[in-house]
Amino acid sequence: MPESNFVDYVKIFCRSGKGGRGSIHLHRAKYQPNGGPDGGDGGRGGNVYLRGNHNYWTLLHLRYEKHVFAGHGGNGSKCCSHGSDGEDRYIDVPPGTVAYNAETGKYLCDVERDGQVVMLLKGGRGGLGNWQFRTSTNQAPRYAQPGEPMQEMMVILELKLLADVGLVGFPNAGKSTLVSALSSARPKIANYPFTTMEPSLGVVPYREGKSFVMADIPGIIEGAAEGRGLGLRFLRHIERNSLLLFMVPGDTDHIAKEYRILLGELEKFNPGMLDKHRILAVTKCDLLDDELIDMLRAELPDDLPVCFISAVTGQGIEQLKDMLWEELNSESNKLQSVSEGGSIVHRDREALTIASDFADWEPDYDLDEADDDSEELDVYDIEDLED
């Protein structure tokens, strides 16, 4: 089968530029026998940045770019000439991308908005030339500084979708059907588990030209937080949602039990997700009568907003949209987003898990290959003054 265009997890080897070395040079002119030192400074090495770009919605453009190298700084030269600065490298990523150290799993940075620039690796500083070390007692210094070395890091880029409402439910709970009924999105719908193989976004129109974004992820099964099914891979896409919509079919034997199982999987994956506002939608209610709905309502938690819907017949759809809009714009939800700075608490990833995810990853560049300037080891030799 052809590979999906939705790529949300890539591994890249990044390297900043090293600083250029300072020059050791004494000025020589026909009528200036004692010209003095005039060795210039080396240029700084290039930095590696992450830059948010709303024109991208996945990491597909980085799938085959396995290494990003910034330029090295130029060496200083005579006449106090400063070496050229190394070229900076920008990695464009969609907003919502998180970077981790692939070796340790440590969280590095988060690109949350379009145009945001975050430095990933800093280039080395250029060395000072001998012109900088001249003093009244040392008028002809014959030494200079080498440039600072470059930085290297294997980086994991992980995309977490930005949406207002995230759908949480078991396979065949009616999530894709609801998204197709509320928005213009057309996710795949079929009568078998795990129909949705990748997350999808839908813009839900509301009254007076207002709208909000809904995210549909593959179904979660019990044990998803430990790696079962597809939930572990895609659970991160609802970490940024300010509201979670739990969906349980009305023909389920124990609706409250399934809700608690889903809530438990989210807690195992990230305990901070329990602080989000939640709504429970009981789907496929066209198969239930009013008496049975009243019996089910009595068994559900009193502190949880509940809505009985049917995406096929349209039952309760408008009521659900009103509930979602009210919860999204509630004062408690606004205060929570302001206090958190619009972000989430990122946990470090386990290095063993990252290693297993990229077990077949091979660089298309010899990482141990020497740099172009490595053969110039004689940094401190002064030029022949007899010429």
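Values in this document were obtained by computation on a predicted structure and should not be read as measured data.
Without hydrogens or angle criteria, H27 side chain to G36 main chain gives no donor-acceptor distance under 3.5 Å. Checking side-chain atoms of S16 against main-chain N and O of Q151 turns up a donor-acceptor pair under 3.5 Å. Under a 3.5 Å cut-off, the side chain of N47 and the backbone N or O of D88 do not form any donor-acceptor pair. A side-chain donor-acceptor contact under 3.5 Å links N130 to the backbone of G39. Under a 3.5 Å cut-off, the side chain of Q145 and the backbone N or O of L128 do form a donor-acceptor pair. With hydrogens and angles ignored, the 3.5 Å screen pairs a side-chain donor or acceptor of R134 with a backbone N or O of W131. With hydrogens and angles disregarded, a donor-acceptor distance shorter than 3.5 Å links the side chain of H61 to the backbone of D92. Although no hydrogens or angles enter the test, the distance criterion places no donor-acceptor pair under 3.5 Å between the side chain of T97 and the main chain of V111.
Each of R125, K18, R21 was compared with E148 under the side chain to side chain donor-acceptor pair (under 3.5 Å) criterion, and only R125 meets it.
Distance check: F133 CZ to I24 CD1 gives 9.5 Å after rounding to the nearest 0.5 Å. Rounding to the nearest 0.5 angstrom, the gap separating the CD1 atom in I279 from the CG atom in L324 is 4.5 Å. We find the CG-CZ distance between L244 and R278 to be 8.0 Å, quoted to the nearest 0.5 Å. The NZ atom of K321 lies 14.5 Å from the CE atom of M323; values are rounded to the nearest 0.5 Å. Taking CZ of F13 as the reference point, atom CE of M154 lies at 6.0 Å (rounded to 0.5 Å). Atom-to-atom distance recorded for F308:CZ and L280:CG is 7.5 Å, nearest 0.5 angstrom.
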(message) Please determine whether salt bridge (charged side-chain N to carboxylate O under 4.0 Å, His left out) holds for the pair K78 and D38, giving the CA-CA distance in whole Å, both sets of side-chain angles, and the decisive distance to 0.1 Å.
(response) CA-CA 6 Å; K78 59 184 179 180; D38 67 344; over 6 Å; no
(request) Mind running side-chain contact (heavy atoms from CB on, under 4.5 Å) on V93 and L62 for me, showing each step along the way? (result) CA-CA 9 Å; V93 295; L62 299 175; 4.0 Å; yes
(message) Between H67 and R15, does the side-chain contact (heavy atoms from CB on, under 4.5 Å) criterion hold? Intermediate values first, please.
(response) CA-CA 8 Å; H67 63 268; R15 175 187 290 172; over 6 Å; no
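Classification of the Y49-Y90 ring pair by plane angle, with boundaries at 30° and 60°, yields parallel.
Taking the side chain to side chain donor-acceptor pair (under 3.5 Å) definition, one finds that D322 meets it with Y206, R207, sequence neighbours left out.
Heavy atoms from other residues, nucleotides or ligands lying under 6.0 Å from CD of E87 number 12 at most.
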